[in-house]
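What follows is one structure encoded as structure tokens, with my remarks underneath.
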Amino acid sequence: MGAITQSNLRTLYERHPDALFFIMVRDIRDVFASMRNKGNFSYTAVQAATLWKNRIIEFREFVASNNSSAMEIKYEELVEYPEKILLKVCEFAKINYSSQMINYHDQNLSLFQNPHGHLSCEQLKKGLNDTSIGRWKSELSPGDVESITDTVGDMLYE
């Protein structure tokens with residue numbers, strides 16, 4: 001849920017009209033559960049859900065208004081079917097697929113030295129796994145889940 005906005009995307013598109021744009025969409029309930037455990041976030045459930053919803057809408061509006069090449073990737077599908085999803089990404093990007101894309105955690109990548117203090121570094125070192133999927137069921141209160149569901153509506157199930 002970084003600071004990429006429709007304005008930032010437009011600027012990138014103007015500079016690189018042939019660029020491909022990707023957005024990773026993760027269940028907001030799990031995102032919020034992670035936010036409560038990592039970093040220095042002070043969002044309420046409604047604030048986090050609103051930001052999540054707005055970022056996705058902004059991305060979709062950007063894609064539609066600029067006729068840019070873009071793809072949404074669902075985090076949960078990537079974890080469950082990594083080869084299938086990565087093959088689609090590679091086909092879209094017109095690049096060759098390699099099993100190293102799935103087995104990135106077996107490589108000696110500078111990212112794993114965490115030079116920039118990335119909050120998900122330890123998770124990334126474990127490779128694609130489902131440990132953070134569904135965590136909201138045990139970590140969020142029913143009130144938080146209801147607030148999120150009410151805020152994002154049907155987007156939660158798209």
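Predicted model, so just to flag it, every value in this text is computed and none were measured.
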Would M71 and L20 count as a side chain to side chain contact (heavy atoms under 4.5 Å, CB included) if you check the C-alpha gap in whole Å, the side-chain angles of each, and the deciding distance to 0.1 Å?
CA-CA 8 Å; M71 178 181 239; L20 303 177; over 6 Å; no

Do Y97 and E83 make a side-chain contact, defined as non-hydrogen atoms from C-beta onward lying under 4.5 Å apart?
yes

For S141, does its backbone N or O pair with a side-chain atom of W136 as donor and acceptor, under 3.5 Å?
no

Intermediate values then yes/no, side chain to side chain contact (heavy atoms under 4.5 Å, CB included), R26 and S132:
CA-CA 10 Å; R26 182 177 170 207; S132 64; 3.5 Å; yes

Run the salt-bridge test on R36 and D144 with the 4.0 Å N-O cut-off and return the result as yes or no.
yes

To the nearest 0.5 Å, what is the distance between CG on L9 and CZ on F62?
5.0 Å

Any link between V46 and F41 through a network of hydrophobic side chains (Ile, Leu, Val, Met, Phe, Trp, Tyr) touching at under 4.5 Å?
no

Rounded distance (nearest 0.5 Å) linking atom CZ of F32 with atom CD of Q47:
8.5 Å

Determine, step by step, whether D27 and Y75 satisfy the side chain to side chain contact (heavy atoms under 4.5 Å, CB included) criterion, reporting the C-alpha distance in whole Å, the side-chain angles of both residues, the deciding distance to 0.1 Å, and the verdict.
CA-CA 8 Å; D27 186 316; Y75 175 79; over 6 Å; no

Are side-chain heavy atoms of E80 and D130 found at a separation under 4.5 Å?
no

Any I56 side-chain heavy atom under 4.5 Å of I23 side chain:
yes

With a 4.5 Å heavy-atom cut-off, do M24 and L78 have their side chains touching?
yes

Please examine the side chains of E77 and P82, heavy atoms only from C-beta on, and report whether any two atoms are closer than 4.5 Å.
no

Does any part of the side chain of L156, heavy atoms only, come nearer than 4.5 Å to the side chain of R29, both counted from C-beta?
yes

Regarding D106 and Q100, do their side chains bring together a donor and an acceptor under 3.5 Å, going by distance alone?
no

Between CZ on residue R10 and OG on residue S65, distance to nearest 0.5 Å
5.5 Å

So does Y81 have more than 12 non-hydrogen atoms from other groups sitting under 6.0 Å from OH?
no

Tell me if the CG atom of N129 is crowded by more than 12 foreign heavy atoms within 6.0 Å.
yes

Any salt bridge linking K88 with E91? Criterion: basic side-chain nitrogen under 4.0 Å from a carboxylate oxygen.
no

May I ask you to say whether R60 pairs ionically with E72, meaning some side-chain N is under 4.0 Å from a carboxylate O?
yes

Stepwise side chain to side chain contact (heavy atoms under 4.5 Å, CB included) check, T50 with V152:
CA-CA 7 Å; T50 300; V152 301; over 6 Å; no

With heavy-atom distances below 4.5 Å as the criterion, would you say the side chains of Y157 and T149 are in contact?
yes

Relative to each other, are the rings of F21 and Y13 parallel, tilted or perpendicular (30° and 60° limits)?
tilted

Just so I know, are the side chains of I95 and M101 near enough to count as touching, which here means a heavy-atom distance under 4.5 Å?
yes

